[in-house]
Amino acid sequence: MSKLLHANFARLKQDTFFWIGTVFMIVLGILIPVTQYFEMKKYEWYTATLTNGFFIYVVFMAILSAVFCSLFTGTEYSDGTMRNKLITGHSRIDIYLANLIVSAAAVFILCFAYILAYLCSGIPLFGFFPKESLPVILGFMGCSFVLSVAITAICTAVAMLCQTKANTAVICILGIFILIFFGAYTDSQLGMPEYYDTYFMGDDGEASDAAPIPNPGYLRGTKREVFEFIHDFLPGNQVVQLSAMSATHLWKMSLYSALIAVSSTGLGVCLFWREDIK
Amino acid sequence: MEYVLTANALGKSYRHFQALNNLSMHIPKGAIYGFVGKNGSGKTTLIRLICGLQKPTAGSYTLYGIPNTEKEIQKTRGRIGAVVETPSLYLNMTAEDNLKEQYRILGIPSFQGIPGLLKLVGLENTGKKKARHFSLGMRQRLGIAIALCGSPDFLVLDEPINGLDPQGIIEIRELILKLNKERQITVLISSHILDELSRLATHYGFIDHGHIVKEISAAELENASRKCIRLEVSDIKTFARVAESLKLEYSVLSATHADVFTKITATGLIVPLAQEGCEVISVQEHDESLESYYVKLLGGNQYEQTFTC
């Protein structure tokens, strides 16, 4: 396995998309605090801190992870180099895990590129995070890293089992967008108010409060519980919650992500073990 | 005889398609084994099985005496170098980087052998040129160089000269012969180009419908091949009459050409023909080629009957 890791990391160093992705995350990390700072200067009512926009990277991490895994692992099939590893006697489990580890490491590097760039440009403009919010920030960051492993594990499984690079790219990229859009939909459904405030206009022309009207679209009972579970469980929903810093069940979400990572890797290894390689 | 690879009743099926059926083959150590068969006859499937890319659904095979069911087979595969179908190389890397990557995969710490390998396959001057800009022949040679990285004892080449220009074919042929003679590498080579294969192979295996029809050494093939005299005559009917009267075994090829298989002197044939007024335009000694042997073996009966009187 160490030989494969060594070979994969050497290939990562020469991977064009990885470097483009890293530069993109650095530029994003610099631009977000700078634009927020200028917004704050332009509109006096708008106040921003270092926390605003910090977790935007979770969305880009998910998308770049899908693109990176499909290209990095997909190349093994499109260029036929997967055969070189198998012919030389490496076990399929080692090949699978080496690809997963290197992909996860690459996604971590992309995240850290953003975080470092963000802090370097944001701290001089806004100062550091407030001391009391630091544990929360660290909790969100930890949760986002576990989530990145889960997304990488899913994309690696797709890339290892689908022997056509183009199909892998379509499945992974389309899949992650569908998951994120579904996350946004679930978030909006759960965020609906239970009651609408109502007002009535008196004879004297003045508006007065009336009894609130129940919202018919509000999710109640078992349906709400199912939606809440999905919202914490699915990676796309976690992306939405973490990027908006609205997550409340960080431990639960991290546990679900770990579960997804382990089960998708287990299933992927089993199926890859039986796969006929062309 | 010591065998590098033996296959015993090997089978491989994909859903409803039987790609290999009760296949048995034996590749002797030090041989250049020419693997001959039609498209879809199962050549590449067998190569995929022995390279560990796929698993057999029936039967077994041994590599250097190690059965494929043993765990040790994975380690034994380290003695194989292979180019299956297309050369497996990273297109965004140079020839040198591709070899370095393969060295890392094999766990070879020093890159000292790389310049020698590049020289061996004639790619020492490719510099920073990426593999995606290589010609087909260059890719094929780089594929062989990658296969040679771990100093294998057994080289498996699937259609290595497909699509190559004449110069490329000669270079690959010389490379294979060099590897076999100088490094004692056993080679399994599948090819459709029988004339080319006949210049290389020391042994042949003929496969049809996923089954080995015949295994034969080049020496045995030589002995089995029927030698004949090919005649060009002015009147084929007179020739046939004279040949019948001389009780010769012959085969009419066209209105002017015929093969005589019975051993006879040129004079013994030309004089009776001249007496009957049949002019002999040319006489050539003719050997049965690998191609005609292949045609005869794998459905060539119809072909022969068409031209034999």
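Values in this document were obtained by computation on a predicted structure and should not be read as measured data. All chains are named by letter (A, B, ...) in the order of the sequence lines, taking the proteins before the strands, and each is independently numbered beginning at 1. All values below were derived from every heavy atom in this structure, side-chain atoms included, with hydrogens, water molecules and symmetry-related copies excluded.
- Looking at every heavy atom in both residues, A:Arg92 comes nearest to B:Gly52 through NH2-O, 3.3 Å.
- At a 4.5 Å heavy-atom cutoff, the contact between A:Glu275 and chain B is made by backbone atoms alone.
- Rounded to the nearest 0.5 Å, atoms CG (B:Leu53) and CZ (A:Arg83) are 7.0 Å apart.
- Most heavy-atom pairs under 4.5 Å with chain A: of the set B:Glu85, B:Met93, B:Lys75, this distinction falls to B:Met93.
- No part of A:Ser2 comes within reach of chain B, as not one of its non-hydrogen atoms sits under 4.5 angstrom from that chain.
- B:Lys12 has a carboxylate O that lies under 4.0 Å from a charged side-chain N of A:Asp276, or vice versa, which qualifies the two as a salt bridge.
- B:Arg77 places none of its side-chain heavy atoms less than 4.5 Å from the side chain of A:Ile87.
- Closest approach of B:Gln74 and A:Ser91 over heavy atoms only: NE2-CA, 3.3 Å.
- In this structure, B:Gln54 and A:Ile277 approach most closely via the heavy-atom pair NE2-O, 3.1 Å.
- Enclosure of atom NZ in B:Lys130 is not indicated, since only 12 or fewer non-hydrogen atoms of other residues, nucleotides or ligands lie within 6.0 angstrom.
- Residues B:Tyr90 and A:Asp79 come closest through the heavy atom pair CA-OD2, 3.5 Å.
- With rounding to the nearest 0.5 angstrom, the OG atom of B:Ser88 is 11.5 Å from the NZ atom of A:Lys85.
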Would A:Gln14 and B:Asn92 count as a side-chain contact (heavy atoms from CB on, under 4.5 Å) if you check the C-alpha gap in whole Å, the side-chain angles of each, and the deciding distance to 0.1 Å? CA-CA 9 Å; A:Gln14 295 191 33; B:Asn92 64 335; 5.5 Å; no

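- A:Thr81 touches chain B through backbone and side chain together, each having a heavy atom under 4.5 Å away.
- With a threshold of 4.5 angstrom between heavy atoms, B:Pro87 approaches chain A through N, CA, C or O but not through any side-chain atom.
- In terms of non-hydrogen atom pairs under 4.5 Å with chain A, the most contact-rich of B:Thr44, B:Ile80, B:Thr86, B:Asn98 is B:Thr86.
- Within the 4.5 angstrom heavy-atom criterion, atoms from both the backbone and the side chain of B:Glu101 approach chain A.
- For B:Phe111, the CZ atom counts as densely surrounded, since its 6.0 Å shell holds more than 12 non-hydrogen atoms of other residues, nucleotides or ligands.
- Counting non-hydrogen atoms of other residues, nucleotides and ligands closer than 6.0 Å to CZ of A:Phe229 gives a total above 12.
- Summarising the geometry, atom CH2 belonging to A:Trp273 is positioned 5.5 Å from atom NZ belonging to B:Lys55; distances are rounded to the nearest 0.5 Å.
- Environment of NE2 in A:His6: sparse, with no more than 12 heavy atoms of neighbouring residues, nucleotides or ligands closer than 6.0 Å.
- For the atom pair A:Thr75 OG1 and B:Leu91 CG, the distance stands at 9.0 Å (nearest 0.5 Å).
- A distance of 14.0 Å separates NZ in A:Lys3 from OH in B:Tyr103, rounded to the nearest 0.5 Å.
- Summarising the local packing, OH of A:Tyr185 is surrounded by 12 or fewer heavy atoms from other residues, nucleotides or ligands at distances under 6.0 Å.
- Rounded to the nearest 0.5 Å, atoms CD1 (A:Ile95) and CD1 (B:Ile105) are 8.5 Å apart.
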